[in-house]
Amino acid sequence: MSIVLNGITKRFGNFLALDTVDLEVRAGELLALLGPSGSGKTTLLRIMAGLEFPDAGTLRMDGEDATDRKPRDRQVGFVFQHYALFRHMTVFDNIAFGLKVRPRGERPSATAIRAKVEQLLSLVQLEQFAGRYPTQLSGGQRQRVALARALAIEPKVLLLDEPFGALDAKVRKDLRRWLRGLHDEIHVTSVFVTHDQEEALELADRVAVMGHGRIEQIGTPTEVYDRPASAFVFDFLGNANKLEGVVEDGVARLPGNLSVAVRGRKPGRALAFIRPDDITLAHAPDGPARITAIHAIGPTARIDVDLDGTALEVALPRTGLETLALRTGDRCRVSLGQVHLF
């Protein structure tokens, strides 16, 4: 099922949560809504689910107007951040709940419900936990139960609100891989909300970066990371050094006597963004920069540099750091690789 939103606007009192948002979710894709707190991503997800209604704009599902449809009429499965499992019900009964509460004429038989639940337990790899209660499960297991419960009603769209936000880093990473594999198997149109850049870039087919109630950019993970459309997107996605400069005569002049040739840029103030791994260092006793700290853990070393009062973060392979033989307090020269100017 495809979802098309046009001109979606939503206010909560004087707060503008969504400002004329346009978005298309393609049938069968896994789309991430990524942004900081207050950017409007959860409000947009809840409007798709029918848990909130827009003040203006339209929402179409498979070409049909669904703006005013009730949640039960949208064929949507919703997974909450904190699971929202029924504590007094077993895992089996939690998953079966959406099927058992259907109107009598639409309700499957007890045999069909059991078969469906057993199929889903196998899908989420929890067959041996059917008789347990939510309090007897780990966080990752509860999240899989919540996902199985959402899938039990055979939704045409699966919506997930910060699905891994309450889990520790190791479990979160494992579940990301598991969910990506599950999506590739069942191909249900899915939208998930996250503020975790790594999660969105690793898991999604496309990423919609949101800020201040608007979509700043939408594209594949590679597109939004390598070709950010605005300073906001670059600043939010991954680590970035931000340098204030001035464009004069086709050159961006930056702190520490650094300069970058730019074409077609109007003279004036500019912001330059550089990824830590796009900066190289070289020993120079009279260099403009000084090493203030070195954090060498794992395969990559993170080096903090003071460049004429501007703090820079540089990332080097551990082997590269050993070759340079840099130490805290050393002075050095800084060279910039790819620079994004806004």
Side-chain angles (χ1 to χ4, degrees), residues 1-5 8 10 17-18 21 23 25-35 39-54 59-62 64 66-87 89 91 93-102 106 116-117 120 123-124 126 134 137 139-167 172 175-176 178-180 182-183 186-196 199-200 203-204 208 210:
M1 176 185 284
S2 63
I3 306 173
V4 178
L5 302 104
I8 296 294
K10 180 66 178 179
L18 294 172
V21 171
L23 174 66
V25 184
R26 299 166 184 166
E29 82 169 332
L30 180 55
L31 177 81
L33 297 177
L34 173 67
S39 60
K41 55 191 186 296
T42 293
T43 301
L44 189 60
L45 191 80
R46 290 174 63 86
I47 285 174
M48 293 184 202
L51 300 176
E52 299 282 356
F53 293 92
L59 182 152
R60 304 183 72 82
M61 292 182 160
D62 265 355
E64 298 181 2
T67 311
D68 298 320
R69 278 187 198 167
K70 295 179 180 178
R72 65 173 295 166
D73 298 325
R74 297 192 183 203
Q75 295 180 289
V76 164
F78 200 99
V79 179
F80 295 89
Q81 178 179 354
H82 295 288
Y83 326 126
L85 298 177
F86 301 113
R87 299 179 64 185
M89 292 184 183
V91 167
D93 289 333
N94 264 283
I95 296 173
F97 179 79
L99 299 172
K100 289 182 176 180
V101 299
R102 282 180 172 171
E106 302 173 17
K116 184 66 176 179
V117 173
L120 287 166
L123 187 67
V124 299
L126 291 174
L137 303 176
Q141 290 166 341
R142 291 181 205 174
Q143 191 59 280
R144 281 186 278 161
V145 173
L147 186 57
R149 183 179 61 183
L151 292 172
I153 61 172
E154 298 182 350
K156 291 188 175 181
V157 175
L158 183 63
L159 305 176
L160 306 100
D161 186 11
E162 298 272 10
F164 312 126
L167 304 173
R172 196 160 61 234
L175 271 184
R176 284 207 301 260
W178 175 83
L179 180 59
R180 181 68 241 191
L182 179 66
H183 180 268
I186 62 178
H187 294 293
V188 63
T189 304
S190 304
V191 182
F192 73 98
V193 160
T194 183
H195 63 269
D196 187 320
E199 188 169 283
L203 190 55
M210 297 192 66

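In what follows, every heavy atom counts, from backbone to side chain, and hydrogens, waters and symmetry copies are set aside.
- In terms of modelled atom types and a separation under 3.5 Å, the side chain of Arg74 and the main chain of Ala66 share a donor-acceptor contact.
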All N/O donor-acceptor pairs, side-chain side in residues 44-54, below 3.5 Å, sequence neighbours left out:
none

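- Put simply, the side chain of Lys41 gets close to the backbone of Gly35: a donor and an acceptor are under 3.5 Å apart.
- For the pair Glu199 and Phe192, the minimum side-chain heavy-atom distance is below 4.5 Å.
- Residues Arg149 and Leu120 have side chains not in contact (no heavy-atom distance under 4.5 Å, counting atoms from C-beta outward).
- Between Leu182 atom CG and Leu147 atom CG the span is 6.0 Å, to the nearest 0.5 Å.
- At least one donor-acceptor pair under 3.5 Å links the side chain of Asp62 to the backbone N or O of Ser2.
- By the 6.0 Å contact criterion, CZ on Arg72 is open, its count of non-hydrogen atoms from other residues, nucleotides or ligands being 12 or less.
- Atom-to-atom distance recorded for Thr67:OG1 and Leu59:CG is 5.5 Å, nearest 0.5 angstrom.
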Query raised in the report: Are Val191 and Leu30 close enough, and set up right, to give a side-chain contact (heavy atoms from CB on, under 4.5 Å), and what steps lead you there?
Result: CA-CA 6 Å; Val191 182; Leu30 180 55; over 6 Å; no
Query raised in the report: Passes side-chain contact (heavy atoms from CB on, under 4.5 Å), Leu123 versus Leu151? Steps please.
Result: CA-CA 10 Å; Leu123 187 67; Leu151 292 172; 4.2 Å; yes
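- The distance from the OG1 atom of Thr189 to the CZ atom of Arg26 is 12.0 Å, given to the nearest 0.5 Å.
- Side-chain atoms of Glu64 do not come within 3.5 Å of backbone N or O of Met61 as any donor-acceptor pair.
- In terms of modelled atom types and a separation under 3.5 Å, the side chain of Arg102 and the main chain of Ile153 share a donor-acceptor contact.
- Rounding to the nearest 0.5 Å gives a distance of 9.0 Å between CD1 of Ile3 and CG of Leu31.
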Requested in this report: Determine, stepwise, if the pair Phe86 / Asp93 fulfils side-chain contact (heavy atoms from CB on, under 4.5 Å).
Outcome: CA-CA 9 Å; Phe86 301 113; Asp93 289 333; over 6 Å; no
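- Leu33 contributes atom CG, which lies 14.0 Å from atom NE2 of His195 (distance to the nearest 0.5 angstrom).
- Listed by chain and residue number, nothing satisfies the side-chain contact (heavy atoms from CB on, under 4.5 Å) test with Asp68 (two or more places apart in sequence, or in another chain).
- Atom CG of Leu85 sits about 5.0 Å away from atom CG of Asn94, to the nearest 0.5 Å.
- With sequence neighbours excluded, no residue satisfies side chain to side chain donor-acceptor pair (under 3.5 Å) with Thr43.
- Taking the six-membered ring where the residue is Trp, Phe78 and Phe80 present tilted rings, their angle falling between 30° and 60°.
- Side-chain atoms of His187 do not come within 3.5 Å of backbone N or O of Ala27 as any donor-acceptor pair.
- For Val193 against Pro163, the heavy-atom pair with the smallest separation is O-CD, 3.6 Å.
- Residues passing the side-chain contact (heavy atoms from CB on, under 4.5 Å) test with Leu137 are Val91, Phe129, Arg132, Gln141, Arg142, Val145, sequence neighbours excluded.
- Closest of all the heavy-atom pairs between Ala152 and Lys116 is O-CE, 3.8 Å.
- Shown here are the side-chain contact (heavy atoms from CB on, under 4.5 Å) partners of Ala200, two or more places apart in sequence or in another chain: Ala32, Leu34, Thr194, Val207.
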Query raised in the report: Run the side-chain contact (heavy atoms from CB on, under 4.5 Å) check on Arg180 and His183 step by step: do they pass?
Result: CA-CA 5 Å; Arg180 181 68 241 191; His183 180 268; 3.4 Å; yes
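- The side-chain contact (heavy atoms from CB on, under 4.5 Å) test applied to Val188 returns Leu158, Ile186, Ser190, not counting sequence neighbours.
- When every heavy atom of Ala148 is checked against every heavy atom of Val124, the shortest pair comes out as CB-CG1, 4.0 Å.
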